[in-house]
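It should be emphasised that the depicted structure is a prediction, and the values quoted were computed from it without experimental measurement. The figures here come from the full heavy-atom set of this structure, side chains too, leaving out hydrogens, waters and symmetry mates. We count ligands from 1, going down the list as the structure has it; atoms in each ligand are counted the same way.
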Amino acid sequence: MSTTYNVTDGVAVIALDNPPVNGLGQSTRAGIVDGIAKANADAAVSAIVIIGSGKVFCGGADIREFGSPKAGAEPNLHVVIEQVEQSGKPVVAAIHGVAMGGGLELALGCHYRVVAPGAQIALPEVNIGIVPGAGGTQRLPRVLGVDAALQMITTGASVPSDKLAKAPGQKLFDRLVEGDLLAGALAFAKDVAAVRPLPSVRDLSVAAPADAEAFNKARAELAKTRRNLEAPQRCVDCVEAATKLDLNAGIAFEREVFEKLVTSDQARALRHAFFGERAASKIPDVPADTPLRKIEKVAVIGAGTMGGGITMNFLNAGIPVTILEMKQEAVDRGVGIIRKNYEAQVAKGKLSQDKLDARMALLTTTLSYDDIAQADMVIEAVFEDMGVKSQVFTQLDSVMKPGAILASNTSTLDVDKIAEVTKRPADVVGLHFFSPANVMRLLEVVRSKHTAKDVMATVMAVAKKIKKVAVVSGVCDGFIGNRMIEQYSRQAGFLLDEGCTPQQVDKAVEKWGMAMGPFRMGDLAGNDIGWAIRKRRYQEKPNMRYSATADKLCELGRFGQKTGAGWYDYEAGKREPVPSAVVEEMLVKHRESLGITPRQISDEEIVGRLILALVNEGAHILEEGIASKASDIDMVYLTGYGFPLFRGGPMLYADMLGLGKVVEQMAAYAKNPRDDASFWQPAPVLAKLAAEGKTFNNAA
Ligand code: NAI
């Protein structure tokens, strides 16, 4: 059983003991029920304390049970909470560290709750596409009031216990215990042991909000901030129900909503993202107990756009950084931008001046390689040029201490070749950050054929420390993300050839859920980047066909927001895209030159071609072992490319569509003479899975 039971001084102590977070797995649930029964049967016991062993009270459901029969095995959490609530002797929850999801619901079923300061309190279920399922939406408003409960339940955000304990009128916590929690809980339990009747959250009523429109306003606001997501809306329904129904009827309502959501596509997608993020950090052939190299000092080469952002990640995590540049002006400019970024955060109240000072104090600069020789890891972010990178890595090889990790932020170059410039290729790895590097969560970790396993394990751990979602990619042109986006952009170009406007394409995929359509994205990133890549492609792959529209746009000098004009026009100083007559004229002439009569293209076709282009290229990436699992590809798209979370990433989307249907649609696209029929040949792994009726993601 994953609980322990002891009687101390007339108080029974049930300690949840299911590391790492005391998840409410079947044996923990059974242990609580047993403990309550035992304590009630023992005349020497006058009260009961439920506490967590280790660092937390309880993190909620045991995620290892998800999808297994154990998850629903008796006693389920409803039964556990019922037993606690109906105990004839008072039950006190003693909370420290974390009380989340089912853990908080369990505590709400207790007669009393005492808490240590600094515990994180949350109902995070909304983040996996469901509502709390064991009374949380009904009991939390009873103890915190509608406004605070609604905020917590619809966002899933954690709130520190001391803040909640000090909120006026709150009935969540009966005592804030500074110092030893168990001792405080035992003392409290003895104080209340004889009090009858036993108090219950069940007996509290919920005041309806003062503003009769409060719930509708919350729904409207969430429709904007949590666009397309079903669960936040249903959370509002449940809290509203708490103001109208008694507890039993409210719980029945919550249960019905829960059952509907838990089997929905959205919940499946959000669960996939939740597990995908955890799975991404595991590398099949690198054991979890691989010894890590110590990373206490970092050097960054180049203080440009990427170097500055990369540096901020480490300063934020309290890790000292030395930036090396070629000239003092470049150092000053780079450091100036870092400071300005922090100052903007201070101005918005997101960072204190003290923290700004502390972070800047961790930063040093130099023009000499000798000053970085003792760094544990160095990240190169100089110009994207093999000659320049080779020089930098040769220098690094000659000065860096043995065992230092040498990383490159290259977005297109061959990391195997960069490694081979040095005499220590096993220490070299690609760390492909995304711009702005201090904001974007994605980090592609590029594993060269030389990279040592402990280097991989170490950089994955470092990525976690700087709060990135790290996904491992093999070496190939564009790695996972950019290699796929190239096919997506190529389709977007063909759609222009055939009759679409940039705004039509952008609107269609944005309505479908993408954060930004391909043309707005091009204008933001700079259309010249794609232009340079295509020029290289025309040499390397002369048979690969592209629409000439993007080249024509660049020939007009329309590189995007940075030149004030791209696929769209931009008013001076504004980022709002305005449909462009110049582009429209260019497209008309372009179609005329090819003898194309433009046709009406449906949103369905636009979305289908763009997204399935990602899917087929993703399948090739999987086939070649560039990504080790489909969920890694999904994580790249969810965290780095604005792919809608509620669709779970391109590969899960294909799974949900059905791979048979995917292959069928591709065959239809292949018949379009304006498209590239050879691209639409399904990758062998896709064809095979489709034929076998299988999916990319086994566990989805
Ligand atoms: P950038 O042009 O803004 O900055 C490069 C910096 O490196 C400049 O400050 C330059 O003075 C310095 N530098 C050049 N040669 C040097 C040398 N030998 N020693 C020391 N410093 C040197 O370029 P950006 O955009 O920051 O790109 C850097 C790298 O990051 C490139 O490899 C690029 O492909 C990659 N990258 C860029 C992304 C982007 O969105 N800009 C995204 C992901 C990767």
Side-chain angles (χ1 to χ4, degrees), residues 299-313 321-338 341 364-373 375 378-400 406-415 417-419 421 428-446 463 468 470-471 473 475 477-483 485-486 516 521-533 536 559-562 636 639-642:
V300 172
I301 317 288
T305 311
M306 295 308 289
I310 292 168
T311 298
M312 288 177 74
N313 286 300
V321 179
T322 304
I323 294 185
L324 182 145
E325 258 287 352
M326 288 185 298
K327 295 205 178 100
Q328 192 57 40
E329 298 94 87
V331 171
D332 296 341
R333 196 183 51 233
V335 172
I337 293 172
I338 292 175
N341 276 332
T364 48
T365 61
T366 182
L367 302 177
S368 157
Y369 276 84
D370 293 336
D371 293 336
I372 62 165
V378 47
I379 304 173
E380 164 279 310
V382 303
F383 302 137
E384 186 73 348
D385 178 286
M386 195 60 187
V388 179
K389 303 241 191 232
S390 295
Q391 268 178 14
V392 169
F393 274 83
T394 306
Q395 284 265 23
L396 290 174
D397 194 19
S398 69
V399 300
M400 297 308 294
L406 314 184
S408 171
N409 181 47
T410 181
S411 39
T412 56
L413 300 172
D414 185 333
V415 181
K417 293 211 174 102
I418 295 178
V421 167
V428 177
V429 66
L431 289 182
H432 184 215
F433 288 83
F434 288 71
S435 180
N438 53 319
V439 176
M440 296 296 290
R441 291 178 71 216
L442 176 62
L443 174 64
E444 281 182 329
V445 174
V446 185
K468 296 292 174 197
V471 177
S473 170
V475 173
D477 201 330
F479 313 130
I480 297 172
N482 285 343
R483 174 169 158 184
I485 212 74
E486 188 175 348
M516 216 183 261
M521 193 177 75
D523 278 1
L524 181 69
N527 297 308
D528 50 323
I529 296 178
W531 197 22
I533 293 173
R536 182 153 60 84
F559 292 166
Q561 289 188 15
K562 62 182 168 191
V636 167
T639 56
Y641 290 82

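Each of the following atoms of ligand 1 lies closer than 4.0 Å to a heavy atom of S411: 33 (C), 34 (O), 35 (C), 36 (N), 44 (C). Close approach of ligand 1 to K389 (heavy-atom distance below 4.0 Å) involves ligand atoms 31 (C), 32 (O).
Only the side chain of V388 comes within contact range of ligand 1, with a heavy atom under 4.0 Å; no backbone atom does. Contacts between H432 and ligand 1, counted as non-hydrogen atom pairs separated by less than 4.0 Å, involve the side chain only. By the criterion of a heavy-atom distance under 4.0 Å, the side chain of V392, and not its backbone, is placed next to ligand 1. For F434, no heavy-atom contact with ligand 1 is shorter than 4.0 Å.
In terms of modelled atom types and a separation under 3.5 Å, the side chain of E444 and the main chain of I480 share a donor-acceptor contact. Listed for the E325 side chain is no donor-acceptor partner under 3.5 Å among the backbone atoms of V331. Side chain of N409 to backbone of F433: a donor-acceptor contact under 3.5 angstrom is found.
Among T364, I338, I372, T366, the one residue that satisfies the side chain to side chain contact (heavy atoms under 4.5 Å, CB included) test with I323 is I338. Under the side chain to side chain contact (heavy atoms under 4.5 Å, CB included) test applied with T365, the options L324, V335, T322 reduce to a single match, V335.
The nearest heavy-atom contact from the protein to atom 4 (O) of ligand 1 is G304 CA, 3.3 Å. In this structure, atom 29 (C) of ligand 1 lies nearest to the protein heavy atom V382 O, 3.3 Å. With hydrogens left out, the protein atom closest to atom 33 (C) of ligand 1 is E384 OE1, 3.6 Å, a heavy atom. Among all non-hydrogen protein atoms, the one lying nearest atom 17 (C) of ligand 1 is M326 CG, 3.5 Å. Nearest to atom 30 (O) of ligand 1 among the protein's heavy atoms is N409 ND2, 2.8 Å. Scanning all protein heavy atoms for the shortest distance to atom 40 (O) of ligand 1 gives S435 CB, 3.3 Å. With respect to atom 25 (O) of ligand 1, the closest heavy atom belonging to the protein is T305 CB, 3.8 Å. Protein heavy atom at the shortest distance from atom 43 (C) of ligand 1 is F433 O, 3.1 Å.
When the options M306, E444, Q391, E325 are ranked by their closest heavy atom to atom 39 (C) of ligand 1, first place goes to M306. Among G302, A381, A437, the residue whose heavy atom lies closest to atom 5 (C) of ligand 1 is A381.
In this structure, the side chains of D397 and V421 stay at 4.5 Å or more apart for every pair of heavy atoms.
Rounding to the nearest 0.5 Å gives a distance of 8.5 Å between OG of S390 and CG of D385. The OG1 atom of T639 sits 7.0 Å away from the CE atom of M440 when rounded to the nearest 0.5 Å.
The nearest protein heavy atom to atom 23 (O) of ligand 1 is not closer than 4.0 Å.
Heavy atoms of F383 come nearer than 4.0 angstrom to ligand 1 in at least one pair.
Applying the side-chain contact (heavy atoms from CB on, under 4.5 Å) criterion to E384, with sequence neighbours excluded, gives K389, T410, S411, T412, L413.
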Step-by-step side-chain contact (heavy atoms from CB on, under 4.5 Å) determination, Y369 to V392: CA-CA 10 Å; Y369 276 84; V392 169; 3.7 Å; yes
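Using cut-offs of 30° and 60° on the angle between ring planes, the pair F559 and W531 is tilted.
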